[in-house]
Amino acid sequence: MIIVVCYLIFHVKVNEMLNSFKRLPRSFYLRPTITVAKDLLGKFLVRKLGRKYLVGKIVEVEAYLHNDPASHSFRGKTKRNEVMFSEGGHLYVYFTYGMHFCCNVVTEEEDKGCAVLIRAVEPVENIEVMQHRRKIDISKNQFNLTNGPAKLCQAFDLGREENGTDLCGEKIWIGDAIRLTSHISSPISNRDIISTPRVGITNPSEHKWRFYIKGNGWVSRKNN
DNA sequence: CGACCGATTGACT
DNA sequence: GTCAATCGGTCGG
């Protein structure tokens with residue numbers, strides 16, 4: 001009897017979580033990359049890890065377009081970047097600097113090679129799990145948990161195994177909040193989106209394809 | 001095959 | 001502010 005009740009409570013809890021962050025449909029990703037990039041601000045990255053769901057609000061992104069010299073896809077499909085050429089709505093995770101991972105959302109139709117880099121999220125659910133996964137002491141700076149592309153990948157346990165994951169599936173997805181709680185802000189209005197050149201791109205005529213939520217503490221490199 | 005370097009981070013002067 | 005860590009991708013010989 002007790003076991004049945006516990007199971008039912010657990011079942012309801014899980015469904016609450018799933019319903020709270022409703023998956024974006026495939027059609028969301030099959031749109032122009034800059035549009036998707038801006039619309040991803042304020043959305044919620046959900047990552048199933050064991051029985052828990054890690055959740056973070058996306059606060060900073062960068063767009064990597066078709067025929068973009070700064071994009072990994074610029075020189076065509078390789079084993080490394082092949083996921084970028086899949087249909088929009090898949091996760092492209094790449095390894096860099098010999099020790100870090102960064103994650104992107106593939107956009108537009110198959111073979112376009114477009115994606116949006118997720119540069120920072122604001123922790124929302126199961127923050128203690130993120131803290132455990134990050135090796136660093138964040139007691140003096142809470143933002144250090146997820147205020148960078150490789151930091152959030154470490155916090156959310158995103159690596160080689162997650163490369164190619166379908167965001168319309170059960171393991172990792174991006175959603176809209178259905179039930180808003182006190183620490184979740186309203187949808188992002190256009191005047192609260194700041195555009196700057198992308199970080200670490202050395203092209204002198206770099207476009208302003210980095211977008212972040214104005215005033216959000218988890219945005220990386222605020223001196224930019 | 002060797003040299004160079006990167007959509008970064010953390011430690012340190 | 002500077003800089004090492006660390007390794008796979010890319011490019012030239």
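Hydrogens, waters and symmetry mates play no part in the numbers below; they use all other heavy atoms, side chains included. Proteins get letters first, then strands, A, B, ... in listed order; numbering begins at 1 in each.
The side chain of A/Arg75 approaches C/dC11 more closely than any other nucleotide in the set C/dT6, C/dC11, B/dG10. Of the candidates B/dT8, B/dA7, C/dC7, the closest approach to any side-chain atom of A/Phe95 belongs to C/dC7. You'll find that the side chain of A/Arg134 is closest to B/dT9, out of B/dT9, B/dT8, B/dA7. In the set B/dA7, C/dG8, B/dG10, the nucleotide with an atom closest to the side chain of A/Ile136 is B/dG10. When the nucleotides B/dT8, C/dA5, B/dA7 are ranked by their closest atom to the side chain of A/Met99, C/dA5 comes out on top. Side-chain atoms of A/Tyr64 lie closest to B/dA7 of the nucleotides C/dG9, B/dT9, B/dA7. When each of B/dA7, B/dT9, B/dA11 is scored by its nearest atom to the side-chain atoms of A/Lys151, the top-ranked nucleotide is B/dT9. Comparing B/dA7, C/dC7, B/dT9 by their closest approach to the side chain of A/Ser71 singles out B/dA7.
Within the 4.0 Å cut-off from OP1 or OP2 of B/dA7, not a single side-chain nitrogen or oxygen of A/Asn104 is found. Between A/His72 and B/dA7, a side-chain N or O to OP1/OP2 separation shorter than 4.0 Å is present. Contact annotation: A/Arg210 does not reach the phosphate of B/dA7 (side-chain N/O to OP1 or OP2, under 4.0 Å).
Here A/Asp39 pairs with A/Arg31 in a salt bridge; the nearest charged N to carboxylate O distance falls below 4.0 Å. Ionic pairing of A/Asp157 and A/Lys48 is not present here: no N-O contact between side-chain nitrogen and carboxylate oxygen is shorter than 4.0 angstrom. Looking at A/Lys171 and A/Glu162, no side-chain N of the basic residue comes within less than 4.0 Å of a carboxylate O on the acidic one, giving no salt bridge.
Of all nucleotides present, none satisfies the Watson-Crick or G-U wobble test against C/dG13 with each distance under 3.5 Å. Using the Watson-Crick or G-U wobble rule with both distances under 3.5 Å, B/dA7 pairs with nothing in any strand shown.
For the P atoms, the distance from C/dA4 to B/dC4 is 15 Å, rounded to whole Å. Nucleotides C/dC3 and B/dC5 place their P atoms 16 Å apart, quoted to the nearest Å.
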> What do the steps show when you test A/Leu30 against A/Glu87 for side chain to side chain contact (heavy atoms under 4.5 Å, CB included), and what is the final call?
Replying inline: CA-CA 8 Å; A/Leu30 303 181; A/Glu87 185 181 39; 3.8 Å; yes

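Ranked by how close their nearest DNA chain B nucleotide is to the 5' end, A/Pro149 and A/Thr202 are led by A/Thr202. Taking the nucleotide of DNA chain C with the nearest heavy atom to each of A/His100 and A/Gly76, the more 5' of the two is matched to A/His100.
Ring-to-base geometry does not place A/Tyr94 in a stacked arrangement with B/dA7 (centre distance under 5.5 Å, plane angle under 30° required).
Contacts of A/Arg198 with the nucleic acid, taken as non-hydrogen atoms under 4.0 Å apart, are absent.
In the displayed structure, A/Glu128 atom CD is contacted under 6.0 Å by more than 12 heavy atoms of other residues, nucleotides or ligands.
Look at CZ on A/Phe211: it is 18 Å from P on B/dA7, rounded to the nearest Å.
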